[in-house]
Amino acid sequence: MMSANDATRAVDFKVLQISCDDIVENGALPTKFSGDGENINPSFSVQHIPQEAKSLVLVMLDENEKVYWVIWNIPVTHHIRENETHGIIGVNSFGHQHYDGPLNELSGLSYTVKVYALKSVLNITSGISLPELERFMSDEIIAFGSFDFKN
């Protein structure tokens, strides 16, 4: 069984194009979206979603694999809006079930937002962590894309 971490190496997945109006690719995260600011999630656009997709998964983590945000069963959409959550929120590395923006004291770290298109809606409840989610979604992934930024 392939893990969700293998999605970037798989050649048979379709590629999602992820962009952000608030952050330039590989650019700096504005303070508004950090734990030192308003601590709200930035908006993301998702393009090239396959027609057969039934839901999306979004994960935000740093280069050390610390999870800041994990959400699944997002209705298929091309826009994940600022400070909005549609879907089921999982537990991040801080033990919270919400978006936790990076702190400015962690400047210099790299972050990745990963978006997966799934061929189903996952039949799981909130309160699970990313490794648990990866087990549920590994056979459901049909497309994958990522967006990188820095703090």
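Side-chain contact between Leu133 and Leu122: present, with at least one pair of heavy atoms (C-beta onward) separated by less than 4.5 Å. In this structure the side chain of Pro42 reaches within 4.5 angstrom of the side chain of Tyr99, judged on heavy atoms. Annotation: side chain of Phe144 is not in contact with side chain of Lys14 (no heavy-atom distance under 4.5 Å). Contact check for Val70 versus Val91: no side-chain heavy atoms found under the 4.5 Å cut-off. For the pair Pro102/Met60, a side-chain contact is recorded, criterion being any heavy-atom separation below 4.5 Å from C-beta on. Counting heavy atoms from C-beta outward, Lys114 and Leu61 have side chains that approach closer than 4.5 Å. For the pair Val57 and Leu118, the minimum side-chain heavy-atom distance is below 4.5 Å.
Of the candidates Thr112, Leu109, Val67, Asn151, Asp62 forms a side-chain contact (heavy atoms from CB on, under 4.5 Å) with just one, namely Leu109.
In terms of heavy atoms, Ser43 sits closest to Cys20 at O-SG, 3.0 Å. Pairing each heavy atom of Leu58 with each of Phe44, the nearest pair is CD1-CD1, 4.3 Å. Nearest heavy-atom pair, Ala53 versus Val76, reported as atom, atom and distance to 0.1 Å: O-CG2, 3.5 Å.
Atom CD of residue Glu84 and atom CG of residue Asn41 lie 8.5 Å apart, to the nearest 0.5 angstrom. Rounded to the nearest 0.5 Å, atoms CG (Asn73) and CG (Leu56) are 10.0 Å apart.
Among residues two or more places apart in sequence or in another chain, the ring-ring contact (aromatic ring centres under 6.0 Å, His included) test is passed with His48 by none.
Here Lys32 pairs with Glu82 in a salt bridge; the nearest charged N to carboxylate O distance falls below 4.0 Å. A salt bridge is absent between Glu25 and Lys150: the closest approach of a Lys/Arg side-chain nitrogen to an acidic carboxylate oxygen does not fall below 4.0 angstrom.
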Derivation of the side chain to side chain contact (heavy atoms under 4.5 Å, CB included) call for Trp72 and Ile89: CA-CA 7 Å; Trp72 64 91; Ile89 303 172; over 6 Å; no

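Listed for the Asn39 side chain is a donor-acceptor partner under 3.5 Å among the backbone atoms of Gly101.
More than 12 heavy atoms of other residues, nucleotides or ligands lie within 6.0 Å of CG in Asn64, so this atom counts as buried by the packing criterion.
There is no side-chain donor-acceptor pair under 3.5 Å between Lys54 and Ser120.
In this structure, Tyr111 has its ring center closer than 6.0 angstrom to the ring center of Tyr68.
The aromatic rings of Phe147 and Phe149 lie tilted to each other, with the angle between the two planes from 30° to 60°.
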